[in-house]
Amino acid sequence: MSDGHGPMPETPSGWSAEQPPPYSAPPASPWTAPGSQQQVPYGGQPHGQPHGQPPYQQAPAGHGPGTPYPPYPGQGPGYGYMPPPPALRPGIIPLHPLRLGDVLDGTIKLIRSNPKSVLGLSAAAALVVSVPVALGQAYVFDSAASIAADPGSVTTGDLYGSLAVQYGGTLISLAVQFVVVTMLTGVLTRILGRAVFGGTVSAGEAWRLVKGRVGALFGVVALMAVIMVVPLIVFVLLMAALATTGEFTLVAVATLLFIVAYFVYYLFFKTRFAFAPAAVVLEGRGPIDAMRRSWQLVTGDFWRVLGILLLTWILVGIVSTVLAFPFSLAGTMFSAMGAGTAATAIVSALFLTIGYTIGSMLTYPFEAGVAGLLYADRRMRAEAFDLVLQTAAIEQQRQGWVHSSADDLWHPSNSARP
């Protein structure tokens, strides 16, 4: 006879053709031992299970007591589910690799948590940078209104003088911006380094901590200026030589192609060296070493860093334009209505200065904040730096305050992975 696990053998000679069924396990009892598979009686529901609900799930193979059960399809967490603990967030960002929302939210929290230091310093820097541009623009608006009122009295010298004042003011503003914004970036980066742990830094203390790194910051900006300006100088010289041959169509086409190529060139190097100021201030590196460090951190995540920086530039550009527009419009209208008077020029310059200042006082800290938080994010992803930050934050919470020694944690020797 068969044991129930194989085909029935042929019936031996002399045996009846009608044989009893092969041996099999007895039918299961409706009562089962604890932990065994529960039988489903008539109606399709286990014993004790309300009608219309799905049967209880069994723990997956290899899972012992206390293991969370998987959820039912289309329902919430199963029985015994324990949600993960919330991310540690002592300051402006959660201490884990950051998403885009974390970066933008952390930058806003940086400004809100240190308004006197961040906005005060940014407003002072924006005011110093805006004055030369506003004066030049006011003079140009006043001259344009005079020309419109009496076109016959305009001389070539007046036109050249107006252009000289306008572009002269712009060049002076760029020179001032080179100095002021470089120092502001360093101070804001130091404030951000403490704000990650929930601490605050006064403007005076931040400047005291940064002033020894100003030379290295200027070195980074000077090297960046060389990288950006040299292609422009070479192109202008080539186009000037080409223009002497009379090939103006070729000059126009070459100029258009150069604009597109230079835009790509600018974005590439701007992204690659975006973390150099943070490396100078927070890690104590020299200019060349800081730029090399930024290049290494960006490697492996270039497109994400570029996308976030580009989005930031677009956002701050829109916000700055919207905030400055009413004041620029008022300054232009004053110049048009009262051309040729000193009072009108002063009022126009005042409105333009206010508009530029308000727009820039938000632009500077937002750009610096996004770059600084992206720097922290890249270190978390590439060096497991979030483990260092979490350990330090827990210790500081235990002590009840953020010590100035938290600034030393940004040194690369503290990374969890070299």
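Please read these numbers as outputs of a predicted model, since none were measured by experiment.
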Should [X] and [Y] count as side-chain neighbours, where that means a heavy-atom distance under 4.5 Å?
X      : Y      : result
Val316 : Leu362 : no
Trp207 : Leu121 : no
Leu282 : Arg190 : yes
Met380 : Ile93  : yes
Leu104 : Ile308 : no
Ser117 : Val187 : no
Ile227 : Arg272 : no
Thr255 : Phe235 : yes

Please report the closest heavy-atom contact between [X] and [Y], naming both atoms and the distance.
X      : Y      : value
Ala274 : Leu309 : CB-CD1, 3.7 Å
Val281 : Val210 : CG1-CG2, 4.3 Å
Ala278 : Thr189 : CA-CG2, 3.9 Å
Gly286 : Val280 : O-CG2, 4.4 Å
Val103 : Thr107 : O-OG1, 2.8 Å
Asp377 : Arg304 : OD2-NH1, 2.8 Å

With rounding to the nearest 0.5 angstrom, report the [atom1] to [atom2] distance, [X] to [Y].
X      : Y      : atom1 : atom2 : value
Ile233 : Met228 : CD1   : CE    : 14.0 Å
Leu232 : Tyr262 : CG    : OH    : 4.0 Å
Leu311 : Leu306 : CG    : CG    : 11.0 Å
Asp386 : Thr391 : CG    : OG1   : 9.5 Å
Phe275 : Gln296 : CZ    : CD    : 13.0 Å
Leu119 : Met361 : CG    : CE    : 4.5 Å

[X] side chain to [Y] main-chain N or O, any donor-acceptor pair under 3.5 Å?
X      : Y      : value
Arg379 : Trp410 : yes
Tyr364 : Ala123 : no
Thr245 : Ala241 : no
Arg89  : Ile92  : yes
Thr271 : Leu267 : yes
Ser360 : Thr357 : no
Arg194 : Val201 : no

- Message: Please verify the inter-ring angle class for Trp313 with Tyr266; under 30° counts as parallel, over 60° as perpendicular, anything in between as tilted.
- Response: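 Answer is tilted, since the angle falls between 30° and 60°.
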
- side-chain contact (heavy atoms from CB on, under 4.5 Å) evaluation trace for Arg292 with Arg285: CA-CA 10 Å; Arg292 185 184 301 113; Arg285 295 177 182 267; over 6 Å; no

- CZ of Phe325: more than 12 outside heavy atoms within 6.0 angstrom?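 No.
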
- Task: Report, as yes or no, whether the 6.0 Å neighbourhood of atom CD1 on Ile288 holds more than 12 heavy atoms from other residues, nucleotides or ligands.
- Result: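 No, CD1 of Ile288 has 12 or fewer neighbouring heavy atoms, counting only those of other groups under 6.0 Å.
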
- Cationic N near anionic O, under 4.0 Å, Arg293 to Glu383: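 Salt bridge between Arg293 and Glu383, a charged N being under 4.0 Å from a carboxylate O: yes.
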
- Message: Determine whether Met183 and Leu217 satisfy the following criterion, side-chain contact (heavy atoms from CB on, under 4.5 Å), listing intermediate values before the conclusion.
- Response: CA-CA 8 Å; Met183 293 189 294; Leu217 280 172; over 6 Å; no

- Criterion ring pair (Phe, Tyr, Trp, His ring centres under 6.0 Å) on Phe268 and Phe302, from CA distance to verdict: CA-CA 9 Å; Phe268 176 80; Phe302 174 83; 5.6 Å; yes

- Query: Between Phe197 and Leu389, does a side-chain contact (heavy atoms from CB on, under 4.5 Å) hold up when you go through it step by step?
  - Reply: CA-CA 8 Å; Phe197 299 102; Leu389 297 179; 3.4 Å; yes

- Under the side-chain contact (heavy atoms from CB on, under 4.5 Å) rule, what do Leu242 and Leu238 come out as? Steps first, then yes or no, please. CA-CA 6 Å; Leu242 188 61; Leu238 290 176; over 6 Å; no

